[in-house]
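Scroll down for the structure; my scribbles are underneath it.
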Amino acid sequence: MILDREIYFPFPFHKRVYLFIKKFFYILVRFLGRPTWGRPKAGVKLNIEKQDLVLLVDEEGKLRCKTCRSCVEICPTQCLELSSRAEKETPQSFNFKPLDCMYCSLCEEVCPESAIAMISSSNTSGSYDQTWIRDLNYLGFREELNEGKGLSLEELKELRK
Amino acid sequence: MSKSSKKSNSSSMEKNEDLSQLEGIAQVANGRSLFSKIKSWSRSQLLAPFTVGAGCCAREIMRLEGPNPQSHFIRERFNHERVEYCDILIVSGVINEKLSPYILRVYEKMMEPKYCVAVGTCSATGAIFDTMAIDELIPVDVYIPGCPPSMDALVGGIEILRSKVAKGESRAELLKLQANQPPEEASL
Amino acid sequence: MNNINGLNTQSNQSNLLRDALYRRFGTEFKSSHIDRGAIEWRSTLFYPWKDNLKDEFESFFNELKIDFNFHMLVDISLEKKGHEKILHYGLINLENYFRLLVSVKINDGPFIPGLKHLWKSAEGLEKELEERHGLRVSNGSPSQQRSLLKKIKKEKSEKREGIRKLPEYQLPITPNQHDLQKKWYQAGPISQPLKGRARLDFLADTEKVYDCQIETGFCHRGFEKMMLNKPISEVSFFMERLCTRDSVFAPLIWNEALEQRLQVSVTEKAQAIRMVWMEMARIEGHLSYLQELTGELGFLIESSALTELIEQVYHLYNLHSGKNQNFSIFTVGGMKKDLPMGWATECLEVVKYIYKELESIQSKVIRNKSWMILTAANPMSATSALEFGLTGPNLRACGVNYDLRKRRPRYYYSDVDFQVPLGIDGTTYDRFLVRVEEIKQSIKIINQVLDHLPAGKVNDPDIDMEELFKKASDTEPLTYNMIESTEGELGILMRTKGKGLSHFHIRSPSYVHLHCFSNLVKGDSVANALSAFLSLGIDAWEMDR
């Protein structure tokens with residue numbers, strides 16, 4: 001479609017005066033009267049995901065992971081490390097580097113026992129003094145997850161609704 | 001900090017020279033004068049950042065100014081034009097060998113004391129695309145992981161930076177002081 | 001003729017052209033069958049390397065341009081198949097809408113004959129070949145600047161001295177004594193309007209610009225080479241991070257190419273949802289373009305009002321998938337997740353709000369005398385635009401009606417009622433107007449699609465990728481896919497080998513649009529040059545992949 005012919009010519013004089021006065025009131029109303037956030041209305045809960053890694057926990061309180069190493073093989077940036085005494089047991093050490101991770105959540109899709117998940121969290125940033133390798137105690141049992149007891153599958157599903 | 005204080009207690013002949021160093025270190029760390037404390041506190045209340053990088057994370061940083069419920073916690077402007085008025089360098093995006101001399105030029109022009117923030121994984125450790133990390137060029141103070149990081153993580157990272165500026169601890173100054181120390185003397 | 005995914009078949013005129021090509025070139029020309037809506041153009045013309053290849057090469061392409069009217073060169077890529085090297089040229093004829101892919105075998109000689117005298121876009125594309133693969137062109141001069149320098153990670157203990165120095169290269173010879181007032185000025189990569197995209201050098205007086213040189217490569221990551229070593233399941237996560245403006249078009253193109261290769265069909269509901277996502281990404285891209293341009297030229301209130309509208313689109317993305325960038329929602333056969341409850345009504349309200357606010361914002365900018373004075377510079381004619389290979393809204397602002405949504409409609413675009421806006425002169429004002437009108441047409445499309453959403457499932461959970469790869473044909477054909485993204489025509493050319501890739505190439509519109517910049521700028525002032533750079537709509541990460 002070809003656009004209107006009027007658009008290529010400037011406004012006539014009387015309309016320019018009218019628009020100048022209108023812009024003055026527009027500035028006043030926008031910055032003094034109306035809030036800067038017209039939509040959406042307050043109370044809408046945003047469902048932010050994929051900010052931090054978490055190891056899920058049984059009903060008894062033990063980790064669900066059985067060291068099958070499928071998440072280590074599929075990770076595109078190789079930020080996970082596992083080691084265990086024997087197979088089909090909970091791992092001895094589980095290292096995760098948050099500065100290397102891509103937050104693609106392929107490890108969550110691949111895990112056959114749904115032992116690993118990505119949740120939202122707000123304090124992931126830190127200074128250079130910190131250790132930037134998260135170990136097993138931090139991943140499974142930090143303070144925010146039920147005060148040190150860990151997060152289970154059912155609670156995760158309730159959070160995501 | 002403990003390293004330098006141990007070395008200064010080694011022999012009595014070097015006490016006078018070490019005192020000036022101790023004073024310099026003490027000013028930075030804890031026992032500072034009142035005037036320097038007021039200076040650094042006022043500097044922390046309105047930061048002056050300069051952003052570098054064109055990528056996915058750069059859009060998230062530009063959103064911090066705009067109409068956003070999380071932006072109520074922040075009052076700074078993130079698109080300054082003049083480098084000479086800025087304190088802080090915020091780096092996001094892929095770093096190349098070709099872009100590094102321009103970044104170093106910008107870093108030298110900034111006001112002292114200098115701070116640096118690395119946003120996202122592409123600049124913190126170049127793990128995704130096998131590129132350089134900003135750590136090899138400039139000493140970094142705060143890391144903000146995420147791809148891209150959420151607004152809560154960004155706001156939290158800037159609060160950590162603000163507390164660091166109020167105390168006056170910057171990694172660049174510590175590295176300078178450590179480099180100027182005399183080497184250890186062999187025992188006779 | 002088969003009709004898969006709503007793709008239309010060829011028209012009558014292109015059939016005539018196909019017969020004419022077959023008569024001329026004989027068995028060397030093979031056109032693909034219209035088999036499940038596959039690529040409608042393909043010809044394999046293998047040229048063995050001869051001693052006097054240069055004359056035959058030039059006469060062959062001369063004939064293609066003048067007799068058969070292929071007036072746009074779109075893409076050049078090099079493929080290494082074992083010990084052989086093959087060059088692929090992509091050509092378009094716009095009158096009959098026919099596309100041709102010419103493949104030429106090359107020996108290990110140092111030089112290739114260039115095509116700069118026929119198509120002007122060949123200059124930039126051959127420069128890319130020289131820097132990535134080492135193939136030199138006999139017409140041109142070797143490039144002085146190495147534009148691709150990607151540093152692989154090394155240990156921290158190694159010293160780096162070369163980094164501290166600025167690159168040294170020679171600019172062209174300064175003019176003679178009478179032109180002593182002319183100097184070379186530099187706009188660096190980290191200054192404010194450019195923000196790390198490119199470095200511009202202007203040979204300028206105090207009034208005019210006489211010449212311009214561009215240096216790129218500040219965001220090079222080695223994208224295409226990296227994808228050859230990765231398994232196929234991970235490629236879509238990297239394709240999201242190809243472009244900074246939106247993360248919708250690139251993974252969509254990849255999944256559609258896989259569906260073509262493995263012959264998988266998409267469900268009806270997923271087709272409609274994919275259309276909605278494409279139009280929303282287009283709205284977001286155009287709004288950020290408008291925000292940047294109005295902020296640069298001094299209209300700060302309007303640019304801050306536009307940021308509020310962009311937040312609404314992010315709010316919609318957040319409700320569906322939890323993130324507003326780099327969300328992975330496309331798979332082979334549809335989408336990963338279904339729409340949540342109440343998303344459609346929220347989307348219709350947001351779109352209505354955007355329409356109302358945009359009208360009040362645009363009334364202060366369009367037909368404003370100061371805005372028209374600022375943007376009435378840098379015109380571009382239609383013939384030079386076609387020679388430089390422009391596509392998208394930059395081409396439509398010059399008056400050429402070429403939109404891939406109408407020429408090769410997919411999903412339900414042929415059933416939806418919308419129009420394509422055109423400009424007249426090709427100035428920045430026209431490029432601005434075309435994008436404002438396209439936002440309104442996209443809103444119209446979204447309204448129509450969401451009112452008539454089909455029912456059903458969103459993906460097929462019984463798909464097994466390994467079985468599909470075994471069933472697929474063994475000849476390993478080339479697959480090409482193209483889409484109308486926000487700034488132009490985005491294309492992908494690939495060849496699979498077993499479970500990995502053996503050839504991968506992306507046709508990025510930002511790289512092709514960059515090389516018409518020096519033609520735009522000559523004769524105008526320096527301040528207009530910076531706003532002309534922003535008006536082309538160039539994305540940094542898509543340009544130097």
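All values derive from a computational prediction rather than experimental measurement.
Using a 4.5 Å cut-off between non-hydrogen atoms, the part of residues 149-163 of chain B that approaches chain A consists of B/Pro149, B/Ser150, B/Asp152, B/Ala153, B/Gly156, B/Gly157, B/Ile160. For residues 42-56 of chain B, a heavy-atom distance under 4.5 Å to chain A picks out no residue at all. Listed in order of number, the residues of residues 102-111 of chain A that approach chain B to under 4.5 Å between heavy atoms are A/Met102, A/Tyr103. Chain B is approached within less than 4.5 Å, heavy atom to heavy atom, by A/Thr124, A/Ser125, A/Gly126, A/Ser127, A/Tyr128, A/Trp132 from residues 124-134 of chain A, ordered by number.
B/Glu84 CD: more than 12 foreign heavy atoms inside a 6.0 Å radius. A 6.0 Å sphere centred on CD1 of A/Ile2 holds no more than 12 heavy atoms belonging to other residues, nucleotides or ligands.
Nearest approach of B/Thr121 to A/Pro98, heavy atoms of both residues: CG2-O, 4.3 Å. Here the shortest heavy-atom pairing between A/Thr77 and B/Ala127 reads CG2-O, 4.1 Å.
How far CG of A/Asp100 is from SG of B/Cys147: 11.5 Å, rounded to the nearest 0.5 Å.
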